[in-house]
There are 2 protein chains.
Amino acid sequence: MSQSKTSATGQFVRRLLLRSALTAEEQDALLDLPGRVLQVGRGHQLVVPGNPVDHATLLIDGLLGRYDQMVDGSRQITTLHIPGDMSDLHSVPLPVPAWGIEALAPSTVMQVPHQAVRALAAAFPPILMAFWRDTVTDASILAKWTANLGRADAAARLAHLICEIGVRLEVAGLGRRERFALPLTQGHMADILGITSVHVNRTLMGLRQSNGLLVSGGFVETEDWRGLAKLAGFDPEYLLLENVYAD
Amino acid sequence: MSQSKTSATGQFVRRLLLRSALTAEEQDALLDLPGRVLQVGRGHQLVVPGNPVDHATLLIDGLLGRYDQMVDGSRQITTLHIPGDMSDLHSVPLPVPAWGIEALAPSTVMQVPHQAVRALAAAFPPILMAFWRDTVTDASILAKWTANLGRADAAARLAHLICEIGVRLEVAGLGRRERFALPLTQGHMADILGITSVHVNRTLMGLRQSNGLLVSGGFVETEDWRGLAKLAGFDPEYLLLENVYAD
DNA sequence: CGTTCGATTGATGTTCTTCAATATGCGTGG
DNA sequence: CCACGCATATTGAAGAACATCAATCGAACG
């Protein structure tokens, strides 16, 4: 399993390198991060709201959602994590779990002790900077979702979700934006988009009519990606992919 | 104006100390952060979407909003900043402005060169850690807003806004949660809550009836704070105020 | 004293929810 | 291989929440 650990941390390092310059030594230190590899089924709760955590969760394969539970029992997924994402890196500086993390699809994760992450950050300030930058990136995506939930209608939100995930998967080398695997149920999409699953279904049908968007069986395919992006008002700038910032 | 600079950075240091332990030396270094103090009127654009920035904006007095502009011209305010907040600390690691920052009320700010912030972070790793933690705090608030926009109705969202700002101002020593200044127009509130100003007006009237909430003339006053918090599903945990984490 | 911005009100339309029913696919045990 | 059970998807009808459009009101300010 040392093999799979290295490839797991390798994905994570690749993600960090998108936005931060790291020396070979720093990269090696990250690759050697320890952790327990875990396979979990759909619906498994990796972080339960209220229970303190002492490890961060690196997604190797599958799909994770960070969610907030409302008092009435409904919930809102605020962040979607694809392989290579350290889904709660933010729990390292502040291990207070005001949220939950759930496997939205069968997933493989590596649980990395906070202690190890902190030790690395302390030993290599550029790594700490890279972690900060990673958190900023997540926050930028979150801000975009806030804007969409506040001001875009269901069709635009759904289209935006498809565009964003497509581009993120493409950047991570996990598919093409025009066609990729997305193992979400319509109920999950509802919790992401802030609507009901009934309305997800109707909105999907509408987008199939108008834009030839196919979403079924855990796969997404679109004939008219540009049209979809236009409808969504999708501009990838907020994904902060354009530049590498050394420091 | 050296006086006002010190008091400005002092507020910021106090905010950092809520969640991070810093030595006297580190605190002094933060207090000495250089910057240009600026007074701006309501509606002034401090950061224009698309224009790169080379300084961070520390709010001394007033109210700032970070917003995202939609293609149809509407906008969504994603983050509200009160005095003592460094409104775009996140621009230090990633100076890509995919958003705008506007003075929602007449405000006094201090513009701190990124260079100075970076130098401090490089010289004092605990300060870098404190910055990261500050970004995580902002992201936690943002996640809560994402959840509210997705799953709470207009009355609950409005009540939540009032509760959150009240508590944040109280913690910053700028008022009591039951009564405080909030120089927002109903149009601003609409852009925060993701509804129209007409509906803000009606929702405010509803909350005045049901909870004795008074919002007018830039002031907020409530006779039944607990009732308001209950209606909002407000739990201050996400503000991450409970603990101090050393590192 | 007029102008302007924000607050308030009314009438009407749209989007999305809710409730309920039915359909479909897929794994499991027989 | 088939029947069953369960989760997910699909559809319809009715209602609630919120938007839109348009007008009026009020207060601050030059």
Side-chain angles (χ1 to χ4, degrees), chain A residues 41-44 63 65 70 72-77 102-106 148-161 182-210 213-220 231, chain B residues 41-44 63 65 70 72-77 102-106 148-161 182-210 213-220 231:
Chain A
R42 168 172 288 183
H44 183 88
L63 206 55
M70 304 282 112
D72 71 352
S74 68
R75 69 176 195 171
Q76 174 68 37
I77 295 173
E102 176 182 316
L104 302 178
N148 278 333
L149 286 170
R151 291 298 184 205
D153 65 16
R157 277 184 244 173
L158 180 48
H160 202 281
L161 174 69
L182 186 66
L184 288 175
T185 67
Q186 293 182 1
H188 289 144
M189 294 183 212
D191 285 343
I192 296 169
L193 301 174
I195 57 180
T196 61
S197 62
V198 170
H199 202 57
V200 167
N201 187 281
R202 290 177 173 138
T203 307
L204 278 173
M205 292 194 303
L207 286 178
R208 183 166 62 207
Q209 294 292 318
S210 64
L213 173 69
L214 288 170
V215 179
S216 87
F219 281 86
V220 172
L231 185 107
Chain B
R42 168 172 288 182
H44 183 88
L63 205 55
M70 305 282 112
D72 70 353
S74 68
R75 70 177 194 169
Q76 174 68 36
I77 294 174
E102 175 181 318
L104 303 178
N148 279 331
L149 286 169
R151 290 298 184 206
D153 64 16
R157 276 184 246 173
L158 180 48
H160 203 281
L161 174 69
L182 186 67
L184 289 176
T185 67
Q186 293 182 2
H188 289 143
M189 293 183 212
D191 285 343
I192 296 168
L193 301 173
I195 56 180
T196 60
S197 62
V198 170
H199 202 58
V200 167
N201 187 282
R202 290 177 173 140
T203 307
L204 277 172
M205 293 194 303
L207 286 178
R208 183 165 62 207
Q209 294 291 318
S210 65
L213 174 68
L214 288 170
V215 179
S216 88
F219 280 88
V220 171
L231 185 109

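Heavy-atom basis, side chains included; hydrogens, waters and symmetry copies ignored. Predicted, not measured: the structure shown is a model, and the values here were computed from it. We name chains A, B, ... by the order of the sequence lines, and we start the count at 1 in each one.
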### Atom pair distance, as rounded to whole Å: CG in Leu207(B) and C1' in dT8(C)
16 Å
### Message
I need the CG-P distance between Leu149(B) and dC18(D), as an integer number of Å.
### Response
12 Å
### Query
Between Ile195(B) and Arg157(B), is any pair of side-chain heavy atoms under 4.5 Å apart?
yes
### Closest nucleotide among dG12(D), dG10(C), dA19(D) to the Arg202(B) side chain
dG10(C)
### Message
Of the listed nucleotides (dA19(D), dA7(C), dT8(D)), which one gets closest to any side-chain atom of Thr185(B)?
### Response
dA7(C)
### Query
Going through the distances and angles, do Arg151(B) and Asp191(A) end up as a side chain to side chain contact (heavy atoms under 4.5 Å, CB included)?
CA-CA 9 Å; Arg151(B) 290 298 184 206; Asp191(A) 285 343; 2.9 Å; yes
### Query
Would one find a side-chain N or O of Asn201(A) under 4.0 angstrom from OP1 or OP2 of dA9(D)?
no
### Summary
Closest to the 5' end of DNA chain D, once Leu204(A) and Arg151(A) are matched to their nearest nucleotides, is Leu204(A)
### Task
Identify which nucleotide among dC18(D), dT17(C), dT20(D) has an atom closest to any side-chain atom of Thr196(A), counting heavy atoms from C-beta outward.
dT17(C)
### Task
Find the distance Met205(A):CE to dA9(D):P and express it as a whole number of Å.
13 Å
### Task
Write down the atom of Ser197(A), the atom of Gly187(A), and the distance for their closest heavy-atom approach.
CB-CA, 4.0 Å
### Message
Could you tell me if the side chain of Arg42(B) sits less than 4.5 Å from the side chain of Thr185(B), heavy atoms only?
### Response
yes
### Task
With the side chain of Ala154(B) defined as its heavy atoms from C-beta on, choose the nearest nucleotide among dC18(D), dT10(D), dC21(D).
dC18(D)
### Task
Rounded off to whole Å, could you give me the CG-to-C1' distance for the Asp72(B) and dT20(D) pair?
14 Å
### Query
Among Thr203(A), Asn148(A), Ile192(A), which residue meets the side-chain contact (heavy atoms from CB on, under 4.5 Å) test with Leu158(A)?
Thr203(A)
#### Entry: Per Ile195(B) side chain, nearest of listed nucleotides dA7(C), dA19(D), dA9(D)
dA19(D)
### Query
In whole angstroms, how far is the P atom of dA19(D) from the CG atom of Asp191(B)?
11 Å
### Message
What is the separation between atom NE2 on His188(A) and atom C1' on dA7(D), rounded to the nearest whole Å?
### Response
11 Å
### Task
Write down the distance between CG (Leu182(A)) and P (dT8(D)), rounded to a whole number of angstrom.
15 Å
#### Entry: Between P of dT15(C) and CZ of Arg157(A), the distance in whole Å
13 Å
### Message
Given dA19(D), dC19(C), dT8(C), identify the nucleotide with an atom nearest to the side chain of His199(B).
### Response
dA19(D)
